[in-house]
Amino acid sequence: MVGSFRFVSVPLATLTASTVLLLYLYWRERRRTKRLLSSRGAASKVLFFPDVETVNIEELSNTLECAVNSLDVCVYAISNWKLMDILIGAHRRGVAVRVITDRDQMSINPSPVEKLRRNGIQVRRNNDSYLMHHKFAVVDGRCLVNGSLNWTQQAVHGNQENIVISTNSDIVGPFLDQFEVLWERFHPQNYCPTDLT
Ligand SMILES: *[C@@H]1O[C@H](CO)[C@@H](O)[C@H](O)[C@H]1NC(C)=O
Ligand SMILES: *[C@@H]1O[C@H](CO)[C@@H](O)[C@H](O)[C@H]1NC(C)=O
Ligand SMILES: CC(=O)N[C@H]1CO[C@H](CO)[C@@H](O)[C@@H]1O
């Protein structure tokens, strides 16, 4: 009786402890993000991947979900379903969501670009043989999310990647300006008027 009780309780205790730890880590990161986004001055934080405990992808998601006014996303690859759903959710909440991606994304099947457009999100892409290789997003014009991470499933769960989240306006400003430059440069009128925007 005692033996079988031990047999069951040890893994159970381990499971409970790791769940508590995970919840604590999640809560701590969430609190940090809230503090970061509400800080008036410059604040930054760094996330690393692969994200075994999925804490960092939650953190990235939380930051994007905080968008109230605008979400300017400029990423080479955008096929991560969770991140796409966040963009679609933001659009439905009335956030102005704009996406710039690489033209290679147009030929992927099922197409992430088509999914975003079908849901009413404006997507523009480059029209040259160079890569649109950025991987950044700006939340509400004041919080930059930048790093090596492709917004794909594989990149989040396997690769060594980094993301810097910053509200330092010296850094955020140039990224916002560059977004506007590329948004105009990749206007479909410049290459293919029949391409939806
Ligand atoms: C943005 O991320 C890229 C890729 O990791 C890095 O090379 C670049 O220095 C980052 N820029 C800033 C301002 O953090
Ligand atoms: C990430 O993007 C690069 C191009 O920048 C590509 O070569 C690589 O295969 C992508 N990795 C993943 C995991 O999507
Ligand atoms: C890859 C691609 O879309 N290429 C187009 C770029 O724009 C010119 C017109 O300016 C088109 O002819 C190309 O097909």
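Ligands are counted one by one from 1 in listed order, and the atoms in each one are counted from 1 as well.
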Problem set entry | Proximity to ligand 1 by part of F136, non-hydrogen separation under 4.0 Å | neither
Seminar exercise, completed: Scanning both residues in full, the closest heavy-atom pair of M132 with L182 reads SD-CD1, 4.4 Å
Problem set entry | Gap between atom CG of L149 and atom CG of L60 - 0.5 Å precision | 7.0 Å
Problem set entry | Ligand-residue contact atoms, ligand 1 with N162, heavy atoms, under 4.0 Å | 5 (O)
For this session: Find all atoms of ligand 1 within a distance of less than 4.0 Å from any non-hydrogen atom belonging to G147, and give their numbers and elements.
Result: 2 (O), 4 (C), 5 (O)
Exercise. Under the 4.0 Å line, does any protein heavy atom show up next to atom 2 (O) of ligand 1?
Worked result: yes
Exercise. Would you say the side chains of R92 and N119 form a donor-acceptor pair under 3.5 Å?
Worked result: yes
Seminar exercise, completed: ligand 1 to I171, heavy atom cutoff 4.0 Å, flagged ligand atoms 13 (C)
Problem set entry | Protein heavy atom under 4.0 Å of atom 7 (O) of ligand 1 | no
For this session: Run the salt-bridge test on R93 and E65 with the 4.0 Å N-O cut-off and return the result as yes or no.
Result: no
For this session: Could you tell me which atoms of ligand 1, counted from 1 in the order shown, lie closer than 4.0 angstrom to a heavy atom of N146?
Result: 1 (C), 2 (O), 3 (C), 8 (C), 10 (C), 11 (N), 12 (C), 14 (O)
Problem set entry | NZ/NE/NH1/NH2 to OD/OE distance under 4.0 Å, E58 and K82 | yes
Problem set entry | Euclidean distance, S148 OG relative to K135 NZ, rounded to 0.5 Å | 7.5 Å
